[in-house]
Enquirer: 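Submitted below is the structure of interest, expressed as structure tokens.
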Amino acid sequence: MKKIMMIIAATVLSCSFAFAANMANFTNTVNTLGLDQAVAEAMAEGNSIDDIMTQALAIEGMNPQAIILAMLNAGADVGAVATVAAKNGVSAQVIAKATQQFASKGQQDTQAYTPAGPAPRTVVSIPVSGVPGGGGGSAPAERYASPSTL
């Protein structure tokens, strides 16, 4: 029985150290690259949205609405994020405002991958004057004789 308890205690202790290291990594990423990048990396590493929400809310001065938006921008499910946020004490008003802001951003950004700059010319004018058989204008003299006219 003591062996089983020791194994369980060692497992819990090692998991808490791993979680603390992960928390420090998340906090460093937030400070260096920003919240959006930190959330995206944490989700890519396989962290649950509950763990990410808990870690982000533990950072002093972190805005819960910004956390929710970062999670939604990273591809998390809206319903799951709302449930996790409510579980972690985020008010229903903040959740509703963040999800509404995310939805309106998605509607405004209809051409996210359109390159900036002037519109390409769609009508191409082909000069016909000066081209043999093009009609209109006088054609310049050809420098080389056509094989069919020899």
Side-chain angles (χ1 to χ4, degrees), residues 1-137 139-140 143:
M1 185 70 169
K2 284 185 180 184
K3 287 183 180 181
I4 294 174
M5 293 303 281
M6 290 297 288
I7 292 172
I8 291 173
T11 304
V12 169
L13 189 60
S14 66
C15 289
S16 64
F17 283 134
F19 184 75
N22 193 17
M23 175 64 178
N25 185 29
F26 182 78
T27 305
N28 288 338
T29 307
V30 168
N31 291 333
T32 57
L33 301 175
L35 180 63
D36 290 332
Q37 185 66 33
V39 169
E41 286 181 11
M43 288 180 70
E45 291 173 0
N47 292 328
S48 70
I49 56 173
D50 189 23
D51 289 342
I52 297 169
M53 179 70 73
T54 304
Q55 291 175 7
L57 288 172
I59 299 172
E60 185 177 335
M62 188 60 64
N63 183 353
Q65 184 174 341
I67 298 167
I68 294 170
L69 283 172
M71 293 176 89
L72 294 174
N73 288 333
D77 181 55
V78 176
V81 170
T83 303
V84 167
K87 177 183 154 200
N88 283 294
V90 178
S91 72
Q93 292 172 334
V94 171
I95 296 169
K97 189 171 182 178
T99 54
Q100 181 183 13
Q101 187 176 359
F102 176 73
S104 67
K105 178 185 172 198
Q107 291 172 355
Q108 292 172 356
D109 194 15
T110 57
Q111 295 181 340
Y113 300 105
T114 302
R121 289 182 66 179
T122 56
V123 177
V124 178
S125 62
I126 300 172
V128 291
S129 65
V131 176
R143 294 182 85 183

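Hydrogens, waters and symmetry mates play no part in the numbers below; they use all other heavy atoms, side chains included.
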Enquirer: What are the two closest non-hydrogen atoms of A38 and V30, and how far apart are they?
Expert: CB-CG2, 3.4 Å
Enquirer: Are V81 and I95 packed together at the side-chain level, in the sense that at least one heavy-atom pair is separated by less than 4.5 angstrom?
Expert: no
Enquirer: Could you tell me whether the side chain of L57 reaches within less than 4.5 Å of the side chain of V90, counting heavy atoms only?
Expert: yes
Enquirer: Looking at every heavy atom in both A40 and A74, which two are closest together, and how far apart are they?
Expert: CA-CB, 4.1 Å
Enquirer: Decide yes or no for I52 and F26: does some side-chain heavy atom of the first lie under 4.5 Å from some side-chain heavy atom of the second?
Expert: yes
Enquirer: Roughly how far, to the nearest 0.5 Å, is the CE atom of M43 from the CG atom of D51?
Expert: 12.0 Å
Enquirer: Does the side chain to side chain contact (heavy atoms under 4.5 Å, CB included) test come out yes or no for I49 and M53, once each step is laid out?
Expert: CA-CA 6 Å; I49 56 173; M53 179 70 73; over 6 Å; no
Enquirer: First locate atom CD of E60, then atom OG1 of T27, and finally report the distance between them rounded to the nearest 0.5 Å.
Expert: 11.5 Å
Enquirer: Taking the side chain as every heavy atom from C-beta outward, state whether I59 and Q55 have any atom pair closer than 4.5 Å.
Expert: no
Enquirer: Indicate the atoms forming the closest heavy-atom contact of I67 with M62, along with that distance.
Expert: CD1-CG, 3.3 Å
Enquirer: Nearest 0.5 Å, please: how far is CD in Q65 from CD in Q101?
Expert: 5.0 Å
Enquirer: Within this structure, what is the CD1-CG distance for the pair I68 and N73, rounded to the nearest 0.5 Å?
Expert: 12.0 Å
